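A short write-up of the structure that comes next.
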Amino acid sequence: MLLDYHTHTPLCNHAVGEPVEHCRRAIEIGLPEIGFSDHSPMPPRFDQWRMGLGQLPEYLKSVLRAKSEFPDLTVRVGLEADFHPGTEDYVQIVLAQYEFDYVIGSIHHLGDWGFDSPDEKDRWEKSDVGEVWAEYFGLVERLAQSGLYDILGHADVVKKFGYRPSGDVELLERKALEAVAKAGMAIELNTSGLRFPCKEMYPSERMIRAAREMEIPVTLGSDAHRPEQVGADFDQAVALLREVGYTNIARYEKRESESVPLG
Ligand code: ZN
Ligand code: FE
Ligand code: FE
Ligand code: ZN
């Protein structure tokens, strides 16, 4: 089984292509299952890169339309929800609006800094890279402990623009992964990092190897922000998963996971 659980829609204001187009692409490349995980609503003034709470029905409608149009393709309804301390109650309210198949938990902000946004890249130059990484992985731990999410999104996205600390980060990564394992969450192997300056999937080989050792289930995602990106570089992703010993992949329905053979 192969699936792409990380895809976006135009409602986030930085993606193109309706869900039906993503589905058409999935069928074209022989992918049997796709899930949508657009950026979830957050409290007012959080950022502009997401649907508003009032647009959630429109999102669901567009995904369900695709689902009914392609009966031979399994289509899942998910969300990519931010973890940002202080907004947990809001996230919980959003997640209660619909019976989602899965929820990806992602970190895109450290305080008021959208550290993975190209618009805010300059701030990296003024930051202590080691401190930023420590803060990021500390938040991943808290994300896992919150119990709100099923899958950790782009686990080491803090490397996106290629700013890497000189010190050893393995311990930080392992502590974060231990919290993920303890929470019973899965991790995704997200190929979108290959399209950015870090030129690596999220997470790194070292980290996905550690996840495998800890028996953390895995899903796959392209983080497609346009239909052509669905399933992008999945050959590389599957090869890496096999190399580190994964034989199975996790699928989700109504927030229950099932482990099925990979490939
Ligand atoms: Zn996005
Ligand atoms: Fe993300
Ligand atoms: Fe995403
Ligand atoms: Zn993402």
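Only this structure's heavy atoms are used, side chains among them; waters, hydrogens and symmetry mates stay out. Remember, predicted model here, so these are calculated numbers, not experimental data.
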Short side-chain to backbone donor-acceptor contact, E120 and D116, under 3.5 Å: no

Around atom CD of Q48, are there more than 12 heavy atoms from other residues, nucleotides or ligands closer than 6.0 Å? yes

ring-ring contact (aromatic ring centres under 6.0 Å, His included) partners of Y102, counting only residues at least two apart: Y5

For residues H109 and F115, establish whether the separation of their ring centroids is below 6.0 Å. no

If you take all heavy atoms of P32 and M1, which pair is closest and at what distance? CG-SD, 3.7 Å

Grab the two heavy atoms, one from A81 and one from S40, that are nearest each other, plus how far apart they are. CA-OG, 3.4 Å

Applying the salt bridge (Lys or Arg N to Asp or Glu O under 4.0 Å) criterion to E200, which one of R195, K159, R206 satisfies it? K159

Side-chain donor or acceptor of D156 paired with backbone N/O of Y202 under 3.5 Å: no

Side chain of E135, backbone of V132: donor and acceptor closer than 3.5 Å? no

Rounded distance (nearest 0.5 Å) linking atom CD1 of I249 with atom CG of L3: 4.0 Å

Keeping the roles fixed (side chain from W49, backbone from H39), state whether a donor-acceptor pair exists under 3.5 Å. no

Would you indicate whether the side-chain heavy atoms of Q236 and M201 approach each other to under 4.5 Å? yes

So which of T191, D233, D4 actually passes side-chain hydrogen bond (donor to acceptor under 3.5 Å, both in side chains) with S222? D4

Between S204 and M207, is there a donor-acceptor pair closer than 3.5 Å when you use the side chain of the first and the backbone of the second? yes

From R50, E80, H84, residue fulfilling side-chain hydrogen bond (donor to acceptor under 3.5 Å, both in side chains) relative to H108: E80

Any donor and acceptor pair, going by atom type alone, linking the side chain of E88 with main-chain N or O of G86 inside 3.5 Å? yes

Quick one: are the ring centres of F100 and Y98 less than 6.0 Å apart? yes

Could you check if a side-chain atom of H22 sits within less than 4.5 angstrom of a side-chain atom of Q229, using non-hydrogen atoms only? no

